> 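Pasting a structure here, questions to come.
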Amino acid sequence: MLNVPETRQQQLLAKLAIGEQLIAQDLAVEFEVSLDTIRRDIIALEQQGKAQRVRGGAVATAPASPPLQYRVPGQSPSIDAIADRALSLINHADTLLLDGGATVLALAERLQPKPRLLVMTPSPWVAVACQKNGVEVFMLGGQLGVRGGVNVGDTALLAASNLYADIAVLGVCGLDAEFGLSADDLQEAHLKHAMSRAAKSTLVLASREKIGRRARHRAVAIEDIDCLITDAEAVEVKEFGRSAMEVVHA
(Lines give C-alpha, C1' and ligand atoms only; values in the text may rest on other atoms or scores of the structure.)
Protein backbone atom coordinates (compact mmCIF):
# COMPACT_ATOMS: atom_id res chain seq x y z
CA MET A 1 0.00 0.00 0.00
CA LEU A 2 1.54 3.31 -1.10
CA ASN A 3 -0.24 5.18 1.70
CA VAL A 4 2.14 3.43 4.13
CA PRO A 5 5.42 5.37 4.55
CA GLU A 6 7.54 2.22 4.95
CA THR A 7 6.23 0.78 1.69
CA ARG A 8 6.89 3.98 -0.25
CA GLN A 9 10.36 4.31 1.23
CA GLN A 10 11.25 0.74 0.25
CA GLN A 11 10.23 1.55 -3.31
CA LEU A 12 12.32 4.70 -3.22
CA LEU A 13 15.32 2.67 -1.99
CA ALA A 14 14.79 0.21 -4.83
CA LYS A 15 15.00 3.07 -7.33
CA LEU A 16 18.21 4.37 -5.71
CA ALA A 17 19.71 0.88 -5.77
CA ILE A 18 19.53 0.77 -9.58
CA GLY A 19 21.05 4.22 -9.92
CA GLU A 20 17.94 6.34 -10.37
CA GLN A 21 17.77 9.87 -8.98
CA LEU A 22 14.61 10.57 -7.01
CA ILE A 23 12.62 13.43 -8.54
CA ALA A 24 10.07 14.45 -5.90
CA GLN A 25 7.50 15.93 -8.27
CA ASP A 26 7.51 12.87 -10.55
CA LEU A 27 7.27 10.52 -7.59
CA ALA A 28 4.28 12.37 -6.15
CA VAL A 29 2.45 11.74 -9.42
CA GLU A 30 3.61 8.12 -9.67
CA PHE A 31 2.64 7.26 -6.09
CA GLU A 32 -0.49 9.43 -6.12
CA VAL A 33 0.49 11.27 -2.94
CA SER A 34 1.27 14.87 -2.14
CA LEU A 35 4.64 16.48 -2.82
CA ASP A 36 5.04 17.09 0.92
CA THR A 37 4.55 13.37 1.57
CA ILE A 38 7.38 12.48 -0.81
CA ARG A 39 9.58 15.14 0.75
CA ARG A 40 8.97 13.62 4.19
CA ASP A 41 9.90 10.19 2.82
CA ILE A 42 13.14 11.57 1.40
CA ILE A 43 13.97 13.29 4.69
CA ALA A 44 13.37 10.01 6.52
CA LEU A 45 15.72 8.16 4.17
CA GLU A 46 18.37 10.86 4.60
CA GLN A 47 18.11 10.60 8.38
CA GLN A 48 18.73 6.86 8.02
CA GLY A 49 21.85 7.58 5.94
CA LYS A 50 20.31 5.90 2.87
CA ALA A 51 19.84 8.95 0.64
CA GLN A 52 21.07 12.48 0.26
CA ARG A 53 18.76 15.33 -0.59
CA VAL A 54 19.46 17.48 -3.62
CA ARG A 55 17.40 20.20 -5.23
CA GLY A 56 14.09 18.63 -6.27
CA GLY A 57 14.71 15.18 -4.83
CA ALA A 58 17.52 12.90 -3.67
CA VAL A 59 20.40 10.67 -4.78
CA ALA A 60 22.00 7.59 -3.29
CA THR A 61 24.69 8.07 -0.68
CA ALA A 62 28.02 6.39 -1.32
CA PRO A 63 28.69 3.46 0.99
CA ALA A 64 31.68 4.02 3.24
CA SER A 65 34.87 2.50 1.85
CA PRO A 66 36.61 -0.14 3.95
CA PRO A 67 40.01 0.75 5.46
CA LEU A 68 42.81 0.98 2.89
CA GLN A 69 44.62 -2.17 4.03
CA TYR A 70 41.57 -4.20 2.96
CA ARG A 71 41.36 -2.52 -0.45
CA VAL A 72 44.95 -2.78 -1.67
CA PRO A 73 45.34 -6.57 -2.19
CA GLY A 74 44.03 -7.81 -5.54
CA GLN A 75 43.78 -4.47 -7.32
CA SER A 76 41.25 -4.44 -10.14
CA PRO A 77 41.88 -3.98 -13.88
CA SER A 78 40.02 -0.66 -13.67
CA ILE A 79 42.46 0.67 -11.08
CA ASP A 80 45.39 -0.42 -13.25
CA ALA A 81 43.89 1.24 -16.33
CA ILE A 82 43.23 4.52 -14.51
CA ALA A 83 46.72 4.54 -12.98
CA ASP A 84 48.36 3.86 -16.36
CA ARG A 85 46.40 6.70 -17.99
CA ALA A 86 47.21 9.07 -15.14
CA LEU A 87 50.92 8.31 -15.42
CA SER A 88 50.92 9.48 -19.03
CA LEU A 89 49.38 12.82 -18.00
CA ILE A 90 51.70 13.73 -15.13
CA ASN A 91 55.10 12.92 -16.61
CA HIS A 92 55.83 16.60 -17.27
CA ALA A 93 55.35 17.64 -13.64
CA ASP A 94 58.25 18.21 -11.25
CA THR A 95 56.23 18.40 -8.05
CA LEU A 96 53.31 16.08 -7.33
CA LEU A 97 50.96 16.21 -4.36
CA LEU A 98 49.56 12.69 -4.07
CA ASP A 99 46.53 11.76 -1.98
CA GLY A 100 45.97 8.31 -0.47
CA GLY A 101 43.72 5.48 -1.59
CA ALA A 102 44.13 2.37 -3.71
CA THR A 103 44.08 4.09 -7.12
CA VAL A 104 46.57 6.82 -6.16
CA LEU A 105 48.77 4.14 -4.62
CA ALA A 106 48.72 2.22 -7.91
CA LEU A 107 49.90 5.41 -9.64
CA ALA A 108 52.67 5.91 -7.06
CA GLU A 109 53.91 2.37 -7.68
CA ARG A 110 54.39 3.27 -11.35
CA LEU A 111 56.41 6.46 -10.79
CA GLN A 112 60.06 6.39 -11.77
CA PRO A 113 62.77 8.81 -10.57
CA LYS A 114 63.76 11.73 -12.73
CA PRO A 115 65.70 14.96 -12.10
CA ARG A 116 63.75 17.47 -9.95
CA LEU A 117 60.81 15.11 -9.32
CA LEU A 118 59.42 15.41 -5.79
CA VAL A 119 56.34 13.65 -4.46
CA MET A 120 54.60 15.22 -1.46
CA THR A 121 52.01 13.05 0.27
CA PRO A 122 50.13 12.52 3.53
CA SER A 123 50.02 8.77 2.84
CA PRO A 124 52.68 6.46 4.32
CA TRP A 125 51.62 3.84 1.76
CA VAL A 126 52.28 6.21 -1.14
CA ALA A 127 55.53 7.43 0.43
CA VAL A 128 56.93 3.91 0.76
CA ALA A 129 55.88 3.00 -2.80
CA CYS A 130 57.70 6.05 -4.15
CA GLN A 131 60.76 5.41 -2.00
CA LYS A 132 60.99 1.83 -3.26
CA ASN A 133 61.26 3.22 -6.79
CA GLY A 134 63.87 5.79 -5.82
CA VAL A 135 61.52 8.79 -6.07
CA GLU A 136 62.19 11.62 -3.61
CA VAL A 137 59.39 12.03 -1.05
CA PHE A 138 58.24 14.72 1.37
CA MET A 139 55.73 13.52 3.98
CA LEU A 140 52.90 15.59 5.38
CA GLY A 141 52.67 14.67 9.05
CA GLY A 142 49.70 14.31 11.36
CA GLN A 143 47.56 11.59 12.87
CA LEU A 144 47.19 8.55 10.64
CA GLY A 145 43.54 8.11 9.71
CA VAL A 146 42.19 4.58 9.93
CA ARG A 147 39.96 4.54 6.86
CA GLY A 148 41.93 6.40 4.20
CA GLY A 149 45.45 5.59 5.35
CA VAL A 150 46.53 9.25 5.24
CA ASN A 151 47.78 11.64 7.89
CA VAL A 152 45.07 14.10 8.86
CA GLY A 153 44.45 16.89 11.36
CA ASP A 154 45.85 20.36 11.92
CA THR A 155 49.47 19.33 11.30
CA ALA A 156 48.67 17.92 7.86
CA LEU A 157 46.47 20.90 6.96
CA LEU A 158 49.17 23.36 7.98
CA ALA A 159 51.75 21.51 5.91
CA ALA A 160 49.48 21.49 2.86
CA SER A 161 48.76 25.20 3.19
CA ASN A 162 52.49 25.94 2.94
CA LEU A 163 53.17 23.85 -0.16
CA TYR A 164 52.98 24.38 -3.90
CA ALA A 165 52.70 21.56 -6.42
CA ASP A 166 52.31 21.38 -10.17
CA ILE A 167 49.57 18.76 -9.87
CA ALA A 168 47.48 17.43 -6.99
CA VAL A 169 46.24 13.90 -7.64
CA LEU A 170 43.19 13.05 -5.54
CA GLY A 171 41.22 9.90 -4.92
CA VAL A 172 37.48 10.01 -4.22
CA CYS A 173 34.76 8.30 -2.23
CA GLY A 174 32.15 9.93 -4.45
CA LEU A 175 32.05 12.31 -7.41
CA ASP A 176 28.81 14.05 -8.35
CA ALA A 177 28.18 16.78 -10.92
CA GLU A 178 26.47 19.01 -8.36
CA PHE A 179 28.03 17.97 -5.04
CA GLY A 180 31.58 17.64 -6.37
CA LEU A 181 34.28 15.41 -4.89
CA SER A 182 33.35 13.95 -1.51
CA ALA A 183 34.90 11.84 1.24
CA ASP A 184 33.63 9.55 3.98
CA ASP A 185 35.79 11.22 6.63
CA LEU A 186 35.51 14.93 7.48
CA GLN A 187 39.22 15.38 8.19
CA GLU A 188 40.13 13.70 4.93
CA ALA A 189 37.70 16.01 3.11
CA HIS A 190 39.44 19.03 4.64
CA LEU A 191 42.82 17.68 3.56
CA LYS A 192 41.71 16.99 -0.02
CA HIS A 193 40.43 20.57 -0.21
CA ALA A 194 43.75 21.94 1.08
CA MET A 195 45.74 19.79 -1.34
CA SER A 196 43.67 20.99 -4.28
CA ARG A 197 44.21 24.62 -3.28
CA ALA A 198 47.98 24.04 -3.00
CA ALA A 199 48.35 22.84 -6.59
CA LYS A 200 48.36 24.57 -9.95
CA SER A 201 45.98 21.91 -11.27
CA THR A 202 43.88 19.14 -9.73
CA LEU A 203 43.63 15.68 -11.26
CA VAL A 204 41.02 13.27 -9.91
CA LEU A 205 41.08 9.48 -10.25
CA ALA A 206 37.66 7.83 -9.95
CA SER A 207 36.47 4.37 -10.93
CA ARG A 208 32.98 4.07 -12.41
CA GLU A 209 31.28 3.00 -9.16
CA LYS A 210 32.26 6.34 -7.60
CA ILE A 211 30.64 8.40 -10.37
CA GLY A 212 27.31 10.00 -9.43
CA ARG A 213 27.73 9.03 -5.77
CA ARG A 214 27.89 11.34 -2.77
CA ALA A 215 29.92 10.52 0.31
CA ARG A 216 29.24 12.29 3.60
CA HIS A 217 31.54 15.32 3.27
CA ARG A 218 32.09 17.61 0.31
CA ALA A 219 35.80 18.20 -0.33
CA VAL A 220 36.33 19.88 -3.72
CA ALA A 221 33.82 21.62 -5.99
CA ILE A 222 33.57 20.40 -9.59
CA GLU A 223 34.67 23.81 -10.87
CA ASP A 224 37.96 23.40 -8.97
CA ILE A 225 38.81 20.08 -10.67
CA ASP A 226 40.79 20.36 -13.89
CA CYS A 227 40.74 16.76 -15.06
CA LEU A 228 38.98 13.48 -14.24
CA ILE A 229 40.38 10.10 -15.23
CA THR A 230 37.83 7.30 -15.07
CA ASP A 231 36.93 3.95 -16.53
CA ALA A 232 33.28 5.02 -16.74
CA GLU A 233 31.56 5.12 -20.13
CA ALA A 234 30.75 8.47 -21.76
CA VAL A 235 27.05 8.15 -20.93
CA GLU A 236 27.90 7.71 -17.25
CA VAL A 237 29.76 11.04 -17.07
CA LYS A 238 27.52 13.12 -19.35
CA GLU A 239 26.36 15.22 -16.37
CA PHE A 240 29.90 16.59 -16.08
CA GLY A 241 29.59 18.12 -19.55
CA ARG A 242 28.21 21.33 -18.05
CA SER A 243 31.52 21.95 -16.25
CA ALA A 244 34.94 22.95 -17.59
CA MET A 245 36.47 19.77 -16.17
CA GLU A 246 38.19 17.60 -18.76
CA VAL A 247 37.12 13.94 -18.69
CA VAL A 248 39.70 11.36 -19.79
CA HIS A 249 38.60 7.74 -20.26
CA ALA A 250 41.02 5.05 -19.17
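The structure displayed is predicted, hence computed values, not measured ones.
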> Side-chain contact, heavy-atom cut-off 4.5 Å: T37 with R8?
yes
> Atom CG in D231, atom OG in S78: separation rounded to 0.5 Å?
4.5 Å
> Nearest 0.5 Å, please: how far is CD in E246 from CG in D226?
9.0 Å
> For a quick test of reading the model, state the closest non-hydrogen atom pair linking E109 to N133 and the distance between them.
O-ND2, 2.9 Å
> Yes or no on side-chain contact (heavy atoms from CB on, under 4.5 Å) for L118 and F138, after CA distance, side-chain angles and deciding distance?
CA-CA 7 Å; L118 173 66; F138 175 83; 4.2 Å; yes
> So D36 and R39, do their side chains get closer than 4.5 Å, heavy atoms only?
yes
> I'd like to know if the side chain of K50 reaches the main chain of A44, judged simply by a donor and an acceptor atom lying under 3.5 Å from each other, with no hydrogens or angles considered.
no
> Between T202 (side chain) and A168 (backbone), is there a donor-acceptor pair under 3.5 Å?
no
> Honestly curious: do L203 and L117 fall in one hydrophobic cluster under the side-chain, below-4.5 Å linking rule?
yes
> Is the closest side-chain heavy-atom distance between I90 and L111 below 4.5 Å?
yes
> Should we say atom CD of E223 is surrounded by more than 12 heavy atoms from elsewhere, each under 6.0 Å from it?
yes
> Looking at D94, is its backbone amide N or carbonyl O close enough to the side chain of D166 to form a donor-acceptor pair, meaning the two atoms are under 3.5 Å apart?
yes
> So, taking the atom named CD1 in I38 and the one named CD in Q9, what distance separates them when rounded to the nearest 0.5 Å?
9.5 Å
> Give me the atom names and distance for the closest heavy-atom approach of I211 to A232.
CG1-CB, 4.1 Å
> Run R214 and E178 through side-chain contact (heavy atoms from CB on, under 4.5 Å) and show every step you take.
CA-CA 10 Å; R214 298 187 182 200; E178 293 184 5; 3.5 Å; yes
> Verify side-chain contact (heavy atoms from CB on, under 4.5 Å) between D41 and L22, making sure each step is shown before the conclusion.
CA-CA 11 Å; D41 288 335; L22 303 183; over 6 Å; no
> Measure the spacing between CG of L181 and CG of D224 and express it to the nearest 0.5 Å.
10.5 Å
> Given 3.5 Å as the limit, does a donor-acceptor pair link the side chain of S196 with the main chain of H193, or not?
no
> Going through the checks in order, is the side-chain contact (heavy atoms from CB on, under 4.5 Å) test met by V220 and V204?
CA-CA 10 Å; V220 182; V204 169; over 6 Å; no
> Please check if atom CD in Q112 has more than 12 non-hydrogen atoms from other residues, nucleotides or ligands closer than 6.0 Å.
yes
> Considering non-hydrogen atoms only, spot the tightest contact between I229 and A86 and give its length.
CD1-CA, 3.4 Å
> Would a single hydrophobic cluster contain both L87 and L96, if residues Ile, Leu, Val, Met, Phe, Trp and Tyr are joined by side-chain heavy-atom contacts under 4.5 Å?
yes
> Can you check whether E233's main-chain N or O pairs, donor with acceptor, with H249's side chain at less than 3.5 Å?
no
> Under 3.5 Å, is there a donor-acceptor pair between the side chain of S182 and the main chain of A215?
yes
> If you look at every heavy atom in L105 and W125, which pair is closest and at what distance?
CD1-O, 3.6 Å
> Mark yes when over 12 heavy atoms from residues, nucleotides or ligands other than Q131 sit less than 6.0 Å from its CD; otherwise mark no.
no
> Test your reading of the model: is there a side-chain donor-acceptor pair from N151 to the backbone of L140, 3.5 Å cut-off?
yes
> Could you measure the distance from the CZ atom of R213 to the SG atom of C173? Nearest 0.5 Å is fine.
11.5 Å
> Transitively linked via ILVMFWY side-chain contacts under 4.5 Å: M139 with V150?
no
> Using a distance-only test with no angle check, is there a side-chain donor-acceptor pair under 3.5 angstrom linking S123 and T121?
no
> With clusters defined by side-chain heavy atoms of hydrophobic residues (ILVMFWY) lying less than 4.5 Å apart, directly or transitively, does V54 cluster with F240?
no
> Does the D99 side chain pair with the main chain of V169, one donor and one acceptor, at a distance under 3.5 Å?
no
> Which heavy-atom pair separates K15 from L27 by the least distance, and what is that distance?
CE-CD2, 3.7 Å
> Taking atom CD of Q48 as the centre, does the number of heavy atoms from other residues, nucleotides or ligands within less than 6.0 Å exceed 12?
yes
> Mark yes or no for whether Q187, through its side chain, and V152, through its backbone, hold a donor-acceptor pair below 3.5 Å.
no
> When hydrophobic residues are tied together by side-chain contacts of less than 4.5 Å, even through go-betweens, does V248 share a cluster with L205?
yes
> Any side-chain to backbone donor/acceptor pair from K210 onto V172? Under 3.5 Å, distance only.
yes
> Report, as yes or no, whether the 6.0 Å neighbourhood of atom CG on D84 holds more than 12 heavy atoms from other residues, nucleotides or ligands.
yes
> If I take atom CD1 from residue I82 and atom CZ from residue R208, how far apart are they, to the nearest 0.5 angstrom?
10.0 Å
> Check the pair D80, R110 against salt bridge (charged side-chain N to carboxylate O under 4.0 Å, His left out), reporting the backbone distance first and the verdict last.
CA-CA 10 Å; D80 290 334; R110 289 162 166 76; 3.2 Å; yes
> Counting neighbours of NZ on K200 that are heavy atoms of other residues, nucleotides or ligands and sit closer than 6.0 Å, is the number greater than 12?
no
> Work out which heavy atom in R218 is nearest to a heavy atom in F179; give both atom names and the distance.
NE-O, 3.0 Å
> Is there a side-chain contact between I43 and R53 in this structure, where contact means two heavy atoms from C-beta onward sitting under 4.5 Å apart?
yes
> Would a 4.5 Å heavy-atom cut-off, applied to side chains only, mark F31 and T7 as touching?
no
